[in-house]
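Reviewing the structure listed below.
Lettering of chains follows the sequences in order, A, B, ..., and the numbering in each one begins at 1.
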Protein chains: 2
Amino acid sequence: MSNRSNVTKQKLLDAATTIIMDNGVHQLTLDEVAKTAGVSKGGLLYHYPSKEALLTAIVERLQQEENELYESLQREGFGPVEAFVRLFDETKLHPERSPIQIDAEKMISFITLFAVDQEYAARWKRDLDAFFETFQKTSDPAETMIIRYALEGMMMSEHFGVGVPPAELKQAIITRLIERAKHIDTKP
Amino acid sequence: MSNRSNVTKQKLLDAATTIIMDNGVHQLTLDEVAKTAGVSKGGLLYHYPSKEALLTAIVERLQQEENELYESLQREGFGPVEAFVRLFDETKLHPERSPIQIDAEKMISFITLFAVDQEYAARWKRDLDAFFETFQKTSDPAETMIIRYALEGMMMSEHFGVGVPPAELKQAIITRLIERAKHIDTKP
DNA sequence: TCAAACAAACCGTCTGGTCGGTACAGAAAC
DNA sequence: GTTTCTGTACCGACCAGACGGTTTGTTTGA
């Protein structure tokens with residue numbers, strides 16, 4: 001794969017991501033992606049031979065970025081649970097920090113990706129299942145899972161913009177989650 | 001509105017719900033709904049003049065049923081937070097109990113409803129915002145919000161089928177959440 | 001010069017919505 | 001008491017646009 005090809009592919013993924021963010025998946029048409037990326041539809045389909053292939057690529061890139069951040073946090077010395085909390089804190093709990101406006105519809109759109117691409121959803125599920133199994137072997141599995149669930153719920157809430165608490169309360173929640181995570185990580 | 005009309009409308013909502021459950025929203029076509037309900041497409045559009053109107057009606061009915069259950073739990077004497085936990089426990093955390101198979105795609109589909117119908121999403125958001133504001137005035141707002149988030153996250157996890165813990169752990173989590181809710185409700 | 005990297009017209013299908021009609025129950029008119 | 005009228009409930013053929021994907025043609029860089 002040449003360098004030129006790679007640049008175009010990244011442009012296409014960026015374009016698709018932008019469209020999903022701004023307008024939702026139901027507006028993600030091949031024509032629109034091609035137009036936004038400054039490429040013709042034929043060019044798009046040359047690199048991603050179907051819409052599903054494009055969606056898969058989007059999610060794949062997203063997941064890879066996430067994994068890298070998690071591993072880097074662990075290398076910084078955070079325990080597995082605390083690293084998980086901090087991963088969310090840095091990337092998923094503050095949509096207002098993001099340069100791109102993210103609201104309910106956009107978050108839903110990303111979730112919907114998985115509905116569209118069943119094959120990928122299955123792979124994604126297997127990965128996550130394996131990951132969360134380690135969460136059931138900490139010093140306090142129930143508490144660990146509650147932290148995990150809370151983070152996921154909070155992420156949804158923030159991105160949907162539904163029942164979002166004031167900033168101080170939000171910070172208090174995160175702080176408390178970090179404390180508990182730390183506690184779990186340090187116990188035997 | 002006559003009784004006959006009402007019966008047909010309910011049949012249509014049932015059909016639409018079934019289709020979403022079984023196949024996902026992207027398979028929810030007017031023709032399919034009409035066929036499932038044993039009505040013609042014209043008949044469907046007579047009662048719900050657009051697809052959006054149909055989706056709105058689905059969500060509206062869903063929300064109403066939920067409100068009624070929550071209020072009945074409170075009448076049974078459970079505090080607001082505990083009633084909230086039990087609401088989830090009874091209706092949202094055990095997809096395997098449901099007579100209808102619910103998996104990732106199906107849950108996503110329901111969520112996607114809100115993406116499709118922006119107008120309704122706004123109304124829904126306002127209602128929930130008001131509700132969760134009361135959650136920020138309990139004896140321990142941070143803890144209350146963590147419980148809420150955990151329930152929402154757990155619901156997602158269960159319906160997506162991602163990282164689902166074994167039954168005992170699941171029960172332990174719910175038990176712990178109820179205990180904490182009870183504690184919050186009984187403190188001043 | 002040859003293959004990779006695009007462009008753009010074109011096709012078939014799917015689907016939301018329209019529209020002209022039908023059936024029928026009751027009210028109105030006579 | 002029959003006829004006419006009217007509104008509700010429903011049918012199903014049809015249309016127009018959107019969209020994924022194909023095909024065929026063109027450019028470009030090594």
(request) Specify whether Phe132(B) and Phe135(B) have parallel, tilted or perpendicular ring planes, treating 30° as the upper limit for parallel and 60° as the lower limit for perpendicular. (result) perpendicular

Specify the separation, in whole Å, of atom [atom1] of [X] and atom [atom2] of [N].
| X | N | atom1 | atom2 | result |
| --- | --- | --- | --- | --- |
| Asn6(A) | dA5(C) | CG | P | 10 Å |
| His47(A) | dA4(C) | NE2 | P | 12 Å |
| Lys9(A) | dC6(C) | NZ | C1' | 14 Å |
| Asp31(A) | dC10(C) | CG | C1' | 12 Å |
| Leu54(B) | dG17(C) | CG | C1' | 14 Å |
| Leu45(B) | dC10(D) | CG | C1' | 11 Å |
| Leu30(B) | dC19(C) | CG | P | 16 Å |
| Lys35(B) | dT15(C) | NZ | P | 12 Å |

(request) Ignoring hydrogens and angles, answer whether the base of dG21(D) and the side-chain atoms of Lys51(A) contain a donor-acceptor pair closer than 3.5 Å. (result) no

(request) Classify the side-chain pair His183(A)/Asp140(A) by whether it contains a donor and acceptor separated by less than 3.5 Å. (result) no

(message) Please confirm whether the shortest side-chain N or O distance from Tyr46(B) to OP1 or OP2 of dA9(D) is below 4.0 Å.
(response) yes

(request) Look at Thr8(A) and dA5(C) and indicate whether a side-chain polar atom (N or O) is within less than 4.0 Å of OP1 or OP2. (result) no

(message) Using side-chain heavy atoms (C-beta onward) and a distance below 4.5 Å, is Leu13(A) in contact with Leu54(A)?
(response) yes

(message) Can you work out whether Gly43(B) or Lys41(A) has the more 5'-proximal nearest nucleotide on DNA chain D?
(response) Gly43(B)

Output the single nucleotide from [options] whose closest atom is nearest the side chain of [X].
| X | options | answer |
| --- | --- | --- |
| Ser40(A) | dC10(D), dA7(C), dC11(D) | dA7(C) |
| Ser50(B) | dA5(C), dA9(D), dG17(C) | dG17(C) |
| Thr29(B) | dG17(C), dT15(C), dC10(D) | dT15(C) |

(message) Please report whether the ring centroid of Phe78(A) lies less than 6.0 Å from that of Phe84(A).
(response) no

(request) Verify whether the ring centers belonging to Phe88(A) and Tyr70(A) lie closer than 6.0 Å. (result) no

